[in-house]
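By convention in this document, chain letters (A, B, ...) are assigned in the order of the sequence lines, proteins followed by strands, and residues within each chain are numbered from 1.
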Amino acid sequence: MIQLIRGFKDILPGETELWRYIEETSVSLFEDFGFQEIRVPVMERTELFQRSIGEETDIVEKEMYTFPDRKGDLITLRPEATASVVRSYIQHKMYAKDPIRKFYTIGPMFRRERPQKGRYRQFYQINAEVFGIESPLIDVQLILMLVTLFSKLLVTDIEVHMNSLGCPKCRPKFQEALAGLMLSAKDKLCKDCRRRSEKNPLRVLDCKVPSCREAMAGAPAIVDFLCPECTRHFETVKEMLEKQNIPFVIDKRMVRGLDYYTRTTFELQTGLLGAQNAVAGGGRYDNLVEALGGPAQPAIGFAIGIDRLVEIVALNKEELVKKPDVFIAALGEESMNRAFEWICGLNLEGIRADMDFSGKNLKPLMKRADKLGAEYVLIVGERELEEGSAILRNMQTKDQAVIPINSIVKNIKEKIR
RNA sequence: GUGAGUGUAGCUCAGUUGGCAGAGCACUAGGUUGUGGUCCUGGGAGUCGAGGGUUCAAGUCCCUUCACUCACCCCA
């Protein structure tokens, strides 16, 4: 038997209903907030991700599906969506007509990690990205949109974590202070952190090895090194979040795994998913558009992990599988032929009608109707055909009514709606 | 990449010191010849993850390998 690739999965009937419910709820909310859909490819030139996410990140270093195509060009299955959206914004010179753009996009991402609860090699994200707005108010609006979505989906066990990573102006001073501390505590750091301390010092703050946490316990927080502009930006974000009654916690240690983030970063965390507690995350990336060859335009965005969100929503969501309105239990060949015409007519009228095609007796037909969860069963056999009537049974109340066979589609439609 | 646990029927799982491959649910047929959910009786269903080894004999012991799960790591 050929099995699917490790870390990949089929999303089966019975599950897809919930996926679509979440996607449709998101899309409709995002459009209320003025976002438009954009669709970008699942593959890009490898260079795009190296330059945006950062060479020293785990994603680029060891998680990307990168391979040469038949001509030898290095291409990568996207590990995230933002880089492509930015590329598209630049490539189509969207900033020329209107630099202010709000996009959302839904699709699969690929990272070759060891699979775990809430972590797959192909996973799905809903992204929202805003270009051209520097105001902290847009940060707040984005978080408000995210929190609203979660509350619409009845997800309550969620915490908003906030941090600010500053800008190229304030970051050097912070890194200097950090470097001093790391130098003096060098022998306490794990080997990963020793490497990180040189290449990507911010990541050391995020290490979970106890000895590193201890060594870095007195580490300066980047929020204490912010330049006046970044401070004002972050203060406004916090004030406005409070005004909007959005509870949040400041997480000075939160460093995102992608290098392009600046200023505001945030993460939605839950305790319901085991070790993978981040259901959504995002932040500003004010320098990325320019870094990828576009004009200097500020930007901010977030990504929601749909797989993880599905798991949480499934915990308290009732069945979404659609059940037949009516099941026709037809006995004998002639009845089945008539029944077939009827279900086709009913389907065209928007009624969920079904039947059995194998010529079973009434009892197994009733069993099948019950299994499908049909609200009504229409019983028709030779006897009924002769009398020009059929029996419509309400499966819950067990009431049975005799209805005439001519214009039965119309009759059923009236009865059950 | 590292560690731990688990692979037996469609599903959930038993399987003793190595000795005929099992149960419940589901499916199916009947009890009730035209009425579902409960009950009773029968039936079908398996490469015991795969490959190799030890043995008269392996689901059981040994080796290899694959997959799944969880954790580390990282992130959504």
Scan nucleotides 25-33 of chain B nucleotide by nucleotide, 5' to 3', and note B when protein non-hydrogen atoms come under 4.0 Å of the base, S if they reach only the sugar-phosphate, - if neither.
-> --S---B--
What integer number of Å spans the P atoms of B/U60 and B/C39?
-> 37 Å
Given side chains that start at C-beta, do those of A/L74 and A/R45 come closer than 4.5 Å, heavy atoms only?
-> no
Check whether any side-chain nitrogen or oxygen of A/Q116 sits under 4.0 Å from OP1 or OP2 of B/A71, and answer yes or no.
-> yes
Between CD1 of A/I328 and C1' of B/G34 the distance, given in whole Å, is 17 Å
Whom does B/G22 pair with, Watson-Crick or G-U wobble, provided both distances fall under 3.5 Å?
-> B/C13
Between B/A57 and B/G19, how far is it from one C1' atom to the other, in whole Å?
-> 7 Å
A/E37 CD: over 12 foreign heavy atoms closer than 6.0 Å = yes
With a 3.5 angstrom cut-off on both distances, give the Watson-Crick or G-U wobble partner of B/C75, or none if there isn't one.
-> none
With a 3.5 angstrom cut-off on both distances, give the Watson-Crick or G-U wobble partner of B/C61, or none if there isn't one.
-> B/G53
B/G59 to B/U6 separation - C1' atoms, rounded to the nearest Å | 15 Å
Is B/C27 paired to anything, Watson-Crick or G-U wobble with both distances less than 3.5 Å, and if yes, which nucleotide?
-> B/G43
Between A/A280 and A/K117, which is nearer to the 5' end of RNA chain B once each is assigned its nearest nucleotide?
-> A/K117
Are OP1 or OP2 of B/G36 and a side-chain N or O of A/R368 less than 4.0 angstrom apart?
-> no
Identify the nucleotide, in any strand shown, that forms a Watson-Crick or G-U wobble pair with B/C70, with both distances under 3.5 Å; if there is none, say none.
-> B/G3
Pick the P atom in B/C72 and in B/U64, then give their distance to the nearest Å.
-> 27 Å
Report yes or no: is the cationic atom of A/K9 (NZ for Lys, CZ for Arg) under 6.0 Å from the centre of the six-membered ring of A/Y120, at an angle within 45° of the ring normal?
-> yes
Quickly work out the A/R6 CZ to B/G49 C1' distance and round it to whole Å.
-> 14 Å
Any idea which heavy atoms bring A/K252 and A/A221 closest together, and the distance?
-> CD-CB, 3.4 Å
Contact summary for A/A83 and A/L292, nearest pair of heavy atoms = O-CD1, 4.5 Å
May I have the distance from A/Q269 (atom CD) to B/C74 (atom C1'), rounded to whole angstrom?
-> 13 Å
Please report, rounded to the nearest Å, how far the C1' atom of B/C74 is from the CD atom of A/E56.
-> 15 Å
Counter-base of B/U32, judged by Watson-Crick or G-U geometry with both distances under 3.5 Å | none
Looking at RNA chain B, which of residues 383-398 of chain A put a heavy atom within less than 4.0 Å of it?
-> A/R383, A/E384, A/I391, A/R393, A/M395, A/K398
By nearest-nucleotide position on RNA chain B, the 5'-leaning member of A/E63 and A/G7 is A/G7
Taking N and O atoms by type only, does the side chain of A/R308 place a donor or acceptor under 3.5 Å from a partner on the base of B/C75?
-> yes
Whole-Å gap separating P (B/A67) and OH (A/Y120) = 17 Å
Is the number of heavy atoms from other residues, nucleotides or ligands within 6.0 Å of CZ (A/R87) greater than 12?
-> yes
Do A/F302 and A/L142 come within less than 4.5 Å of each other through their side chains, counting heavy atoms only?
-> yes
